[in-house]
Structures are given as C-alpha cells and as structure tokens.
Amino acid sequence: MILSALLLATTPVMITKAEPIPLEKETVPRKGKAKDKNGFYIGDQLIVPNDIIDARALPQLKGNPIIMLTLTGEGTERLTEATAGNGFSQMIEIRFKGAVLSQLVLGGPIRDSVLTFSVSVPYQKAQNIAAEISQKQPLPESTE
C-alpha cells in the first residue's frame, strides 16, 4: 500500500486522453464563476497573452489538429496551479471566448512549460485560434 502511494507520487505527469468538443458549443462555466468571454482559460485559471511565448497549430496525419502553447515561467505556474487541484484521472476544460476548445484527462499537475491539446476544428481555424490566444504570430521554425 505504501509502495503504491509512493509510486503514484513519483510517477511523471502524463495527459492520458484529449476529448475535443466542437468550438461552436457554448457551455456554462463550472462552479458559477464568471468568465470573460474573450479570455483563455485552463480550468479556472486565466492565461493572458503575456504568459505565452509561442502558440501554434500543428496538423496531424490522422485526426484533429493540435494547438501547442509554450508558456513563460509565470504561465507555467498558472498552468500548474490550474491542474494541481485535480486528482488522478480528473478532467479539466480548456476554454476560449466562452467555448470549450478541449478537455484533458490528467494524471496529476502539469509542471511543463509546453502544453498541447487537440481541437476539433479545421487546421486553418486552429492556426487562427492559436494566433488569437497569444495575440502574436508563431515564432519562426528556424533561426537560420
């Protein structure tokens, strides 16, 4: 029993499942908290453009495109705080402009500065969403 708890406490955080919801679907924020219709939220945590170094859409050979966010130190702290209250295998919503972009099932708090999540929109729309979230164009792929 103690060994099992120890293993769970030291297991690396892994996102086990992403379940995107169509962008057009409006849902009511949980726990009655008012949310800015124009804000980007991970759980109940507002992530502002200054928290984001880079945001880009990545096409997938099969399935929906992915949005990849690279966060600043403060953004990473907000992400960790947003995911810390969730126990093992808890779901968290990623929302933008009042719509659910994606839902993630977490294995524990996310402490990494890069977050990827699937969105159920065409690739071009995913690129536009990424640019709107960060309020800037993606960084160049190469510095050469």
- Task: Classify the side-chain pair Gln45/Tyr41 by whether it contains a donor and acceptor separated by less than 3.5 Å.
- Result: no

- Message: So Pro49 and Ile133, do their side chains get closer than 4.5 Å, heavy atoms only?
- Response: no

- CZ of Arg95 to CD of Gln103: how many Å apart, nearest 0.5 Å? 9.5 Å

- Message: Minimum heavy-atom separation for Ala57 and Ala130, please, with both atom names.
- Response: N-CB, 4.1 Å

- Message: Could you measure the distance from the CD atom of Gln127 to the CZ atom of Arg56? Nearest 0.5 Å is fine.
- Response: 10.0 Å

- Task: Side-chain contact test, heavy atoms from C-beta onward, threshold under 4.5 Å: evaluate it for Phe40 versus Leu101 and give yes or no.
- Result: yes

- What distance do Glu74 atom CD and Ser113 atom OG have between them, rounded to the nearest 0.5 Å? 14.0 Å

- Task: Go through the steps for Thr116 and Ile67 under the test side-chain contact (heavy atoms from CB on, under 4.5 Å), then give the verdict.
- Result: CA-CA 6 Å; Thr116 59; Ile67 292 181; over 6 Å; no

- Item | Atom pair CG (Asp51) and CG (Leu46), whose distance is rounded to the nearest 0.5 Å | 7.5 Å

- Look only at the side chain of Thr83 and the backbone of Ile110, and say whether a donor-acceptor pair between them is shorter than 3.5 Å. yes

- Between CG on residue Leu115 and CD1 on residue Ile47, distance to nearest 0.5 Å: 9.0 Å

- Query: How long is the span from the CG atom in Leu106 to the CD1 atom in Ile92, to the nearest 0.5 Å?
  - Reply: 5.5 Å

- Message: Applying a strict under-4.5 Å side-chain criterion to I, L, V, M, F, W and Y, I'd like to know whether Ile66 and Ile94 cluster together.
- Response: no

- Is a side-chain N or O of Lys136 found less than 3.5 angstrom from the main chain of Ile52, in a donor-acceptor match? yes

- Query: Donor-acceptor pair, Ser134 side chain versus Ala55 backbone, under 3.5 Å?
  - Reply: no

- Task: Answer whether the closest heavy-atom distance between the side chains of Gln60 and Asn64 falls below 4.5 Å.
- Result: no

- Query: Would Leu58 end up clustered with Val114 when hydrophobic side chains under 4.5 Å apart are linked, directly or stepwise?
  - Reply: yes

